[in-house]
Amino acid sequence: QVRLVESGGGLVQAGGSLRLSCVASGRTFSRYGMGWFRQAPGKEREFVGRISWSGSNTYYADSAKGRFTISRDNAENTLYLQMNSLKPEDTAVYYCAAASEPYGTVLPGTTNAYWGQGTQVTVSS
């Protein structure tokens, strides 16, 4: 069992920035690939980006590329999503995800990852 807790969401004007955090329980955080997803009202869950277990590789959805940055601090068991140049269409509940197995990769269509409770991001125009 993995417990993930997201924080850092809030209300921000278009063009602004937010930094989301996801704190994971346990002592093996560094062995799991991690990712971020979001779900807007009336929409399906959408992949935002992921980071490998080592932190050496990142991958982003086209909607996030160039604006969002995923990083991790394994010493603090924390995953981050730095969001810059926010747009109203970024409004959604953002979820942290962890791969279901050590060294696993969080894929865009994954359904068996561990999930946090989500944090609301609202971008006003």
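Positions are given from 1 along the sequence. Quantities reported herein were computed from a predicted structural model and do not represent experimental measurements.
Note on residues 65-74: pairs passing side chain to side chain donor-acceptor pair (under 3.5 Å), not counting sequence neighbours, are R67-D90, R72-N74.
Residues satisfying the side chain to side chain donor-acceptor pair (under 3.5 Å) criterion with S85, sequence neighbours excluded, are absent altogether. Residues passing the ring pair (Phe, Tyr, Trp, His ring centres under 6.0 Å) test with Y94, sequence neighbours excluded: none.
Taking the centre of each ring, Y103 and W53 come in below the 6.0 Å mark.
Counting only heavy atoms from C-beta outward, the side chains of W36 and C96 approach each other to under 4.5 Å. Using a 4.5 Å heavy-atom threshold, the side chains of F37 and V106 count as touching. Side-chain contact check for R38 versus T119: every heavy-atom pair is 4.5 Å or farther apart. A heavy-atom distance below 4.5 Å is not found between the side chains of V121 and T91. At a threshold of 4.5 Å between non-hydrogen side-chain atoms, the residues Q117 and V5 count as touching. Counting only heavy atoms from C-beta outward, the side chains of T110 and W115 approach each other to under 4.5 Å.
Nearest heavy-atom pair, A14 versus P88, reported as atom, atom and distance to 0.1 Å: CB-CD, 4.1 Å. In terms of heavy atoms, S21 sits closest to T78 at CB-CG2, 4.3 Å. Contact between A98 and L4 at its shortest, heavy atoms only, is N-CD1, 3.8 Å. The two atoms that bring A24 and F29 nearest to each other are CB-CD1, 3.6 Å, heavy atoms only.
Of the residues L20, N84, L86, the one that meets the side chain to side chain contact (heavy atoms under 4.5 Å, CB included) test with F68 is L86.
More than 12 non-hydrogen atoms from other residues, nucleotides or ligands lie less than 6.0 angstrom from OH of Y60. Other residues, nucleotides and ligands contribute only 12 or fewer heavy atoms inside 6.0 Å of the CD atom of E101.
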V12 vs T122, test: side-chain contact (heavy atoms from CB on, under 4.5 Å). Steps then yes/no. CA-CA 6 Å; V12 64; T122 303; over 6 Å; no
Note to self: For S63 and E46: C-alpha separation, side-chain torsions, deciding distance, then whether side-chain contact (heavy atoms from CB on, under 4.5 Å) applies.
What the structure shows: CA-CA 10 Å; S63 61; E46 177 187 18; 3.6 Å; yes
Verdict with reasoning, S17 to Q82, per side-chain contact (heavy atoms from CB on, under 4.5 Å): CA-CA 7 Å; S17 299; Q82 177 66 47; 4.0 Å; yes
For Y80 and M34: C-alpha separation, side-chain torsions, deciding distance, then whether side-chain contact (heavy atoms from CB on, under 4.5 Å) applies. CA-CA 10 Å; Y80 300 100; M34 304 287 291; over 6 Å; no
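Atom OG1 of residue T105 and atom CZ of residue R50 lie 6.0 Å apart, to the nearest 0.5 angstrom.
Both I51 and Y114 are assigned to one and the same hydrophobic cluster, defined by single-linkage of ILVMFWY side chains at heavy-atom distances under 4.5 Å. Clustering ILVMFWY residues whenever any of their side-chain heavy atoms sit less than 4.5 angstrom apart, transitively, puts V2 in the very cluster that holds L79. Transitive grouping of hydrophobic side chains (ILVMFWY, heavy atoms separated by less than 4.5 Å) keeps I70 and F47 in distinct clusters.
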